[in-house]
Structures are given as structure tokens and as C-alpha cells.
2 protein chains.
Amino acid sequence: MQKIAEVLNQFPHLDEKSKSAFAEKITLEEYERGDLLECAGKPCNHLHLILQGSARSFYLKDNKDITVSFTLENEFTTTMHSFITRKPSYENIEAMEKTISGKISHEDLWNLFELYPNLERTYRLILEQYYITLEEQLIFSKFKSAKERYLELMETRPKIIHKASVGQIASYLDMSIETLSRIRGKI
Amino acid sequence: MQKIAEVLNQFPHLDEKSKSAFAEKITLEEYERGDLLECAGKPCNHLHLILQGSARSFYLKDNKDITVSFTLENEFTTTMHSFITRKPSYENIEAMEKTISGKISHEDLWNLFELYPNLERTYRLILEQYYITLEEQLIFSKFKSAKERYLELMETRPKIIHKASVGQIASYLDMSIETLSRIRGKI
DNA sequence: CTGATTATTTGATTTTTCTCAACAAGTTAA
DNA sequence: TTAACTTGTTGAGAAAAATCAAATAATCAG
């Protein structure tokens, strides 16, 4: 698929062989709004590249639905903890709309790493980017008030604001629904 | 050094050649309490393995000193954002006591990756562990009150409580010094 | 050892955000 | 269309934690 090639071309060190070996192991899957890409309780076996649509990672705590992350087009997602440790995931990933994921299984990916060190490097680079993003999220969330966190989201990933509900955004930004509603009212 | 071998032996897939190639590029450096292992404003060029003592990552914001992480013996530390992007770091890393670090430069490490894919894998595995830790920190910090955050630190990394000052722990746990002091008083 | 500086504790007050409650606006199903 | 839900908004009071202020305790330089 053209889209996959585009994403892989972001990694210039990747040779054609590695790319096509990777592409061959990708399965396309289509989800409707609300369908689960990955499900809490089971080990997460796939790394997903969202080719179309969007996804939301969340888990349930005391009957509350807590959003951990949003994934938009051309971004990767998985429940990293489970994908790495092979233990049951505590997170779910659901499609927020009609979504197509190009997914590769853990097993296939690990096998590819043996054959194509360049792919392992690519995975490492992706992991690094994710690490940085997470670190920024952790550090900057410390200083920001509820309002600032919302304004930052508006600036950095405005699409999320249009795709997600108030409740989803509120739990993602770690504030109550009411607080978010009040913030939105005042802008 | 014996200690380095011990740490590397945690990665069973690493062959002897890779290990010794890595060990050869490590430089031992000794720091006194307060010395900087890495300094904000400059690109961070080293991955450190703390062989003895302990370190603290922090940065300065509006004249306040904010602790980002603590590193104890046999743990790795670097200012990941800068180490990965090669841009100036916004974090400092300082020795909290007399500390010995086994450090390897970014350049040496990247060169080793070309020659020993197993080392790149090890780095990837370390990164994965760090990612998981960070993710847990982010997710679980969302639910916990100031008191719960402190109790969790006491349970998971009690050494930090003995080595760090109230102010350092307070900023790490994202609460005011006074709040932490009151929490400690009541236990 | 002693005064000066810094770190910590304690108290009073204020701010932020949460919780509970009521209500309005949309959606969906019968 | 209406009734039952879901989703979002608004208000009032409560709770958690921050800030401001002052008092102690600990550490350091001379």
C-alpha cells in the first residue's frame, strides 16, 4: 500500500529489502467506530500503524474510562507495556471512527529483527520518538494548570479536540469533565 | 570493571565480543556531591551507567529547581531528549554524593551499533524498560493523591527518600515542600 | 564555637479543582 | 413523536493542595 511506503520513507537508512520484508508482514484491518484494535486482559500482539481514521487507548479504573493516548493517521500505536513484556494488557485501543490499521504481529516483527537489523533500528528510532513524547508529556504536565494543558493540546494536536468527546479529552488531560467544560466556555 | 560486566550480564543474548567492545569504550569518571554529569544548554553526549553513588536529573524553571528523576547504582541515566535529538539539553544531571559513572559517548555507541547489532538490541531493550517505567509513572500519577505518590515512592524506591532532600522529593512528586513535610509528619 | 545561611516544619489563608446536583440539548429506540 | 439515554453545561459547596508567613532545626564558613 502506498501509505505504508510513505511512512517507511521517513526512515532514510532503510533499504528496499527491509522495507518490502516489513510491508509483506503487514495485515490491513478495518474497524468501525468503537471496535477494539487491542483488548485489555490479553497480551497485545500487534504494532499498529493507523493508515486511516484514529484510535484511542484507554483503560477502565473503578468503572471510569481513562484515556491514555490518541493516535491519528500515520502514527503507530500499541499497548507498549504488554507488547514489550508479553503480559496481559491493562489498556484497550479502540477505533474512534472508521479506521484502517496496518498491523504487524510481535512474532513477525521479532523475526524480522533477526534478518534485518535495519528494521530493528527503525523500531528503535520509533521507540525513541515515543519516549521523548512521553517524557515531554510527563514533564510539562507538571507545570501546567488545567487551562494550560487544554490550550497546549489545542495547539499541538487540534484534530483530537474535534474527534474526541469532552469526557475522553478530560480524562486524557487529567481533569474533570466539568472543569474542561468551563475552560471551553471561557475561550 | 567487574560491575560493568555484572550489568551487561543481565542481557543474556549479548555475546562476549559485543560486551568487551562496549566495555572498551566506557570511561570511568568520578564526581563529588553537586558535580554535574551533564549540563543544561549543551547537547548531552553520554549515556551514563551509575556504578557507585547516585544522581539526580533536574532543570530550572522560573528559578525553581525541578527534579525529573533519580538514578541509583547500576541504573543508566542520560538526558534522553538531548541524547536522542542531539539538541541542547534542558536538563542537568548532578551527583547526589560521591559518584562513579561508567560513561560512553553518543558517537562511540552509534559506531558500535554498526558493528554489533546485539548492542543496538541491548540499547533497544534498555529503552523499552525506560519507556515502560515512564508510562507507568505517567499513568499512575494521574490517580494518586500527594500522599499516595509519596507512599508509592517509599515502597518502590525507598533509598531515594534517604538520599534526597525534601525539596528535591517534593518537586519530583509534584507537590509543594510544605505538603510533603506535612505528609511525612503524619506517617 | 558562633553567627549566618539554608532547610524543614507548622499554622493560617487562598486558590484550584473536584464532586454532587440540576438542567439543557442531542440521539436513539420503540 | 415520545421516552430513555447520552452528552455537555452550569451552579454551589467541599476537598486537596498551594501560597504566604513565621518559627525551628540543621549546616556551613570563618
Side-chain angles (χ1 to χ4, degrees), chain A residues 32-35 54 56 58 60-67 70 92 94-98 137-154 158-187, chain B residues 32-35 54 56 58 60-67 70 92 94-98 137-154 158-187:
Chain A
E32 294 301 322
R33 179 188 165 88
D35 287 354
S54 55
R56 180 176 77 95
F58 66 100
L60 302 172
K61 161 111 177 169
D62 307 333
N63 285 319
K64 274 181 287 185
D65 171 318
I66 313 286
T67 298
F70 296 102
N92 303 276
E94 68 165 19
M96 298 176 69
E97 58 194 304
K98 190 179 158 92
Q137 224 177 318
L138 188 72
I139 291 175
F140 294 114
S141 74
K142 282 196 180 188
F143 298 112
K144 304 222 160 153
S145 65
K147 183 172 179 180
E148 287 170 322
R149 295 200 297 279
Y150 180 70
L151 290 176
E152 178 165 317
L153 182 65
M154 260 183 63
K159 280 187 189 169
I160 289 173
I161 288 167
H162 300 113
K163 298 199 178 202
S165 72
V166 173
Q168 292 168 352
I169 296 171
S171 72
Y172 177 66
L173 294 177
D174 196 18
M175 65 184 77
S176 70
I177 289 176
E178 294 91 331
T179 298
L180 178 54
S181 181
R182 278 182 250 270
I183 288 169
R184 295 178 98 156
K186 271 184 233 149
I187 293 173
Chain B
E32 295 301 322
R33 179 189 165 89
D35 288 353
S54 55
R56 180 176 77 95
F58 67 100
L60 301 173
K61 162 114 176 168
D62 307 333
N63 284 320
K64 276 182 285 186
D65 171 318
I66 314 287
T67 298
F70 296 102
N92 304 276
E94 68 163 21
M96 297 177 70
E97 58 194 305
K98 191 181 156 90
Q137 223 177 317
L138 188 71
I139 291 175
F140 295 114
S141 73
K142 281 195 182 188
F143 298 111
K144 305 220 160 154
S145 65
K147 183 173 179 179
E148 287 169 322
R149 295 199 298 279
Y150 180 71
L151 289 175
E152 178 164 315
L153 182 66
M154 260 182 64
K159 280 186 188 172
I160 288 172
I161 288 166
H162 301 113
K163 298 198 178 201
S165 72
V166 172
Q168 291 167 353
I169 296 171
S171 72
Y172 177 65
L173 294 177
D174 196 17
M175 64 185 77
S176 70
I177 289 177
E178 294 91 329
T179 298
L180 179 54
S181 180
R182 279 182 250 269
I183 288 168
R184 296 178 94 155
K186 272 185 234 150
I187 293 174

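Quick note: numbers below take in every heavy atom, side chains included, and nothing from hydrogens, waters or symmetry partners. Chain A is the first sequence line, chain B the second, and so forth, proteins listed ahead of strands; every chain is numbered from 1.
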Per nearest nucleotide of DNA chain D, the residue lying toward the 5' end, A:Ile177 or B:Ser176, is A:Ile177
Position toward the 5' end of DNA chain D (nearest nucleotide), B:Arg33 or B:Thr179: B:Thr179
[X] [atom1] to [N] [atom2], straight-line distance once rounded to whole Å:
| X | N | atom1 | atom2 | result |
| --- | --- | --- | --- | --- |
| B:Lys163 | C:dA7 | NZ | P | 20 Å |
| A:Asp174 | C:dT17 | CG | P | 11 Å |
| A:Arg182 | C:dT17 | CZ | P | 11 Å |
| A:Glu148 | C:dT16 | CD | P | 11 Å |
| A:Ile183 | C:dT16 | CD1 | P | 12 Å |
| B:Asp65 | C:dA7 | CG | C1' | 13 Å |
| A:Lys147 | C:dC18 | NZ | C1' | 19 Å |

Looking at B:Phe143, is A:Lys61 sitting on its ring face, NZ or CZ under 6.0 Å from the six-membered ring centre and within 45 degrees of the normal? yes
Using five pairs at either end of the helix from C:dC1-D:dG30 to C:dA30-D:dT1, determine the angle between the two local helix axes and round it to 10 degrees. 40°
Between A:Arg56 and A:Glu94, does any side-chain N to carboxylate O distance fall below 4.0 Å? yes
Looking at A:Met96, is its backbone amide N or carbonyl O close enough to the side chain of A:Ser54 to form a donor-acceptor pair, meaning the two atoms are under 3.5 Å apart? no
Judged by atom type as modelled, is there a donor-acceptor pair below 3.5 Å linking the side chain of A:Glu152 to the main-chain atoms of A:Arg149? no
Evaluate the side-chain proximity of A:Phe70 to A:Gln168: yes if any heavy-atom separation is below 4.5 Å, no if none is. yes
Are side-chain heavy atoms of B:Arg184 and B:Tyr150 found at a separation under 4.5 Å? yes
From C:dT10, C:dC18, C:dC20, nucleotide with atom closest to A:Glu178 side chain: C:dC20
Heavy atoms only, 4.0 Å cut-off, all strands: where does B:Ser181 land among base, sugar-phosphate and nothing? base
Quick check for you: to the nearest 0.5 Å, what is the distance between [X] atom [atom1] and [Y] atom [atom2]?
| X | Y | atom1 | atom2 | answer |
| --- | --- | --- | --- | --- |
| A:Leu173 | A:Lys144 | CG | NZ | 11.5 Å |
| A:Ile169 | A:His162 | CD1 | NE2 | 9.0 Å |
| A:Ile66 | A:Asn92 | CD1 | CG | 12.0 Å |

At a heavy-atom distance below 4.0 Å, which nucleotide of DNA chain D is the first touched by chain A, and which is the last? D:dG8 to D:dA12
